[in-house]
Amino acid sequence: MTGTVLVRGARLPQPDGSLSEPLDLHVARGRIAAITRAGTRPDGGPGGPGTGDGGTGQDDVVLPDTGRPGDPGTPTLDARGRVALPGFVDAHTHAEAAVFDPEVQLAMLRQGITTVVTGQDGVSFAPSDRLTYDWASTYFAAIDGDHPVFAGGSVGDLLTTYHRTVPLNVAYLAPHGTLRYRVLGAAQRPASDEEIAAMVRLLEQALDDGACGLSTGLEYVPAAYADERELVALATVVAARGLPHVSHMRGYEDRGTEGLAELLRIARASGVATHVSHLHGPAHDLLERVGAARAEGLDLTYDSYPYLRGCSILSMVSLPTWLPLADAAATVAALRDPALAGRLSDHFAGLTDLWPRITFASVPGMEWAEGMTLPDVAARLGRPAPDTVVEILTTTALRASCVFAQPPTNSAESVRALAEYEGHLAGSDAIYLGGRPHPRGWGAFARFLDEHVRRGSWTWWDAAQHLSARAARRFGLAGRGELVPGAVADLVLVDPGRVRDEATYERPRTTASGIEDVLVAGVPVLADGALTGRTPGRGLRPAP
């Protein structure tokens, strides 16, 4: 695992939208040492790679190496005129446990993803004591799964689990819901001054340990019970570090502008850079407000995925927040309580348009239901849709997830318009669990390239910005997001005529086409479309 290689004959995107002539990228000790005209050395002579030193930058990303790019026998990767792009950064994914699964590694690398940003939606594994870890891993069991070795501890402890154990890099956001649960438990109320101060201390330690920002999930619990005073106090902490507040808003689609308005109030009060998770809805209204906020001077970005369906836990999609959702056992008991039947019936009566749009992704113990729509499962059970939802949630102890079609406000035109905007980053929102997961975990980034470069208005330079550079800047991932001398050699070779997603809702675990060679820190992790078994990945910390 030396991180020294010559990538011969690649074409690099140029700011004017063109592609370069074939170039050689000389990689030494995990970094790009030089970029030269094909067939020339960095010293200008003919032949193989020269003697670039790989730059300086962050010492912790430089791999041990005894060779230099000019040494005889330097490994060579023939790009054959393919387009070289900086490794893609998935700005929103639920891979903190799934990244250890070779199937998931292959799914990500076949799309060109070399770094994932985890800790999303305000719920994840750290910082946690045992009680908090058990809660987070239970509440998000159908989203994050089970980490194979981590069972509670600091953000630093969690990031260490990725050091040289996986082929990709993992960055991590400090999750607000996890912080809140550790201080307030499942309390369904605003936090006191003392409790906010305790959360601030936990957040400061998480940032000291390497978190790249703060995430909030305001439609999930316990964050749903937080008021703006609490959120501003925490946002002020990350603002002081130059790191972002990343938020699953309190509402999307017809509530999207309302949810965005709350985030902007928090940004104005705290000075924090704000990033909206998986933005979707009526693009005209949303982009009008995004543009006004950016013109005002607010640092606002967002990510999106190129699909018309979403995926989440069934409890968030279907249950009211007046239930004790942060306590699975208490919620199951409440769902079985005859005294609450009338109140639940009134709530479910407002969801009749939702039921036909639900398809089950993961239903532990009822795997036969995975891939079936809610009406079909209800018909098989001989029960109304609301009763079927209650039965699945109680049977699985809330560990069920679903794919759901968004309402008409999330049109194909809106999805495209949001992806074309200058404040956009790519994020898959991938959830890799269940028998019928959403295909976005296997295809989102390839679909962006197919729809927006091969058949749309992006240039390859634009693709590098949307899929890599902007996210690297947003999360402080120094040395990544561009292919220049001194940069970390996270590098993707794309066949421009073949790249496309192959995953469908019926066959979601199908890997993408057109990306068969990927380097992480100069180490080949995908070669000829297959995993190499090398693990140069690490837990990334933001630059100061």
Side-chain angles (χ1 to χ4, degrees), residues 94 121 123 134-146 177 186 188 217 219-222 224-225 248 309-407 429 431-439 505-506 508-509:
H94 296 279
D121 296 330
V123 180
D134 287 346
W135 165 76
S137 59
T138 297
Y139 179 47
F140 260 30
I143 293 179
D144 289 342
D146 297 316
Q188 295 174 270
E219 285 190 306
Y220 295 100
V221 295
Y225 312 127
H248 175 126
R309 302 186 198 181
C311 181
S312 190
I313 50 177
L314 181 63
S315 61
M316 189 277 282
V317 172
S318 64
L319 296 182
T321 56
W322 52 259
L323 285 171
L325 300 179
D327 183 332
T331 299
V332 168
L335 291 173
R336 291 171 171 162
D337 185 351
L340 294 177
R343 194 176 178 189
L344 280 169
S345 179
D346 290 343
H347 169 76
F348 288 141
L351 300 180
T352 53
D353 66 327
L354 172 66
W355 304 139
R357 295 190 277 119
I358 288 178
T359 301
F360 292 103
S362 177
V363 190
M366 296 176 62
E367 287 80 7
W368 58 266
E370 295 172 350
M372 294 177 64
T373 67
L374 172 56
D376 286 344
V377 174
R380 178 163 172 174
L381 294 177
R383 309 188 68 177
D387 292 352
T388 300
V389 168
V390 170
E391 179 169 340
I392 287 176
L393 289 171
T394 55
T395 299
T396 64
L398 309 190
R399 296 182 179 218
S401 67
C402 60
V403 173
F404 49 90
Q406 303 286 5
D429 196 9
I431 299 171
Y432 296 98
L433 304 174
R436 192 67 72 85
H438 196 297
Y505 292 105
E506 292 71 31
R509 296 179 183 272

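Reckoned from all heavy atoms, side chains included, excluding hydrogens, waters and symmetry mates. Not measured: the values here are computed from a predicted model. FYI, the numbering just counts along the sequence from 1.
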Q: Mind checking whether Phe404 and Val317 have side chains closer than 4.5 Å, heavy atoms only?
A: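 Yes. Closest side-chain heavy atoms under 4.5 Å.
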
Q: Measure the shortest side-chain to side-chain distance between Trp368 and Arg380 over non-hydrogen atoms and say whether it is less than 4.5 angstrom.
A: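 They are in side-chain contact.
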
Q: Heavy-atom distance under 4.5 Å between the side chains of Thr331 and Leu393, does that happen here?
A: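 No, side chains not in contact.
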
Q: Start with the C-alpha gap between Trp135 and Val123, add the side-chain angles, then the distance that decides, and say whether side chain to side chain contact (heavy atoms under 4.5 Å, CB included) holds.
A: CA-CA 10 Å; Trp135 165 76; Val123 180; 4.0 Å; yes

Q: Of all the heavy-atom pairs spanning Met366 and Ile392, show the shortest one and how long it is.
A: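 Nearest heavy atoms, Met366 then Ile392: CE-CG1, 4.0 Å.
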
Q: If you compare all heavy atoms of Ala369 against all heavy atoms of Val363, which two are closest, and at what distance to 0.1 Å?
A: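 Answer, listing the atom of Ala369 first, then Val363: CB-CG2, 4.4 Å.
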
Q: Regarding Tyr220 and Ser312, do their side chains bring together a donor and an acceptor under 3.5 Å, going by distance alone?
A: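 Yes, a side-chain donor-acceptor pair sits under 3.5 Å.
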
Q: Considering residues at least two apart in sequence or located in another chain, which fulfil the ring pair (Phe, Tyr, Trp, His ring centres under 6.0 Å) criterion with His94?
A: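 In terms of ring pair (Phe, Tyr, Trp, His ring centres under 6.0 Å), with neighbours along the sequence ignored, His94 is linked to His92.
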
Q: Any donor and acceptor pair, going by atom type alone, linking the side chain of Tyr225 with main-chain N or O of Thr321 inside 3.5 Å?
A: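 A pair under 3.5 Å: yes.
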
Q: With sequence neighbours excluded, tell me which residues meet side chain to side chain contact (heavy atoms under 4.5 Å, CB included) with Ser137.
A: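 Result, side chain to side chain contact (heavy atoms under 4.5 Å, CB included) vs Ser137: Phe125, Tyr133.
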
Q: Mind checking the CG-NE2 spacing from Asp429 to His248? Nearest 0.5 Å is all I need.
A: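 So the gap between those two atoms works out to 9.0 Å.
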
Q: How long is the straight-line distance from SG of Cys402 back to CG of Leu354, given to the nearest 0.5 Å?
A: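 Between Leu354 CG and Cys402 SG, I get 7.5 Å after rounding to 0.5 Å.
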
Q: Looking at every non-hydrogen atom in both residues, tell me the closest pair between Ser318 and Val389 and how far apart they are.
A: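 Scanning both residues, the minimum pair turns out to be OG-CG1, 3.6 Å.
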
Q: Is there a donor-acceptor pair closer than 3.5 Å between any side-chain N or O of Gln188 and the backbone N or O of Leu323?
A: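 Present.
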
Q: Heavy atoms, side chains only, cut-off 4.5 Å: are Thr396 and Pro364 in contact?
A: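 Side chain of Thr396 against side chain of Pro364, heavy atoms only: contact under 4.5 Å found.
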
Q: When you look at Ile143 and Asp121, which way does the side chain to side chain contact (heavy atoms under 4.5 Å, CB included) test go after all the steps?
A: CA-CA 10 Å; Ile143 293 179; Asp121 296 330; 5.6 Å; no

Q: Working to the nearest 0.5 Å, report the span between CD1 of Ile313 and CG of Leu433.
A: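 Reported to 0.5 Å precision, the distance equals 12.0 Å.
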
Q: Applying salt bridge (Lys or Arg N to Asp or Glu O under 4.0 Å), name anything that partners Asp353, two or more places apart in sequence or on another chain.
A: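 So Asp353 forms a salt bridge (Lys or Arg N to Asp or Glu O under 4.0 Å) with Arg357.
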
Q: Could you go step by step and tell me if Leu381 and Asp387 meet the side chain to side chain contact (heavy atoms under 4.5 Å, CB included) rule?
A: CA-CA 10 Å; Leu381 294 177; Asp387 292 352; over 6 Å; no

Q: Grab the two heavy atoms, one from Pro437 and one from Ala361, that are nearest each other, plus how far apart they are.
A: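 Scanning both residues completely, I find the closest heavy atoms to be CA-CB, 4.3 Å.
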
Q: With rounding to the nearest 0.5 Å, note down the distance linking CZ in Phe348 to CG in Leu319.
A: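 So the CZ of Phe348 and the CG of Leu319 are separated by 5.5 Å.
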
Q: Atom CD in Glu370, atom OG in Ser401: separation rounded to 0.5 Å?
A: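 Between atom CD of Glu370 and atom OG of Ser401 there are 7.5 Å.
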
Q: So which atom in Pro324 and which in Ala334 form the shortest heavy-atom distance, rounded to 0.1 Å?
A: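 In terms of heavy atoms, the two residues are closest at CD-CB, 4.5 Å.
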
Q: Decide side chain to side chain contact (heavy atoms under 4.5 Å, CB included) for Val221 and Tyr139; before the verdict, give the C-alpha distance in whole Å, the side-chain angles of both, and the deciding distance to 0.1 Å.
A: CA-CA 9 Å; Val221 295; Tyr139 179 47; 3.4 Å; yes

Q: Drop me the distance from Arg436's CZ to Ser362's OG, to the nearest 0.5 angstrom.
A: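 Arg436 atom CZ to Ser362 atom OG measures 12.5 Å (nearest 0.5 Å).
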
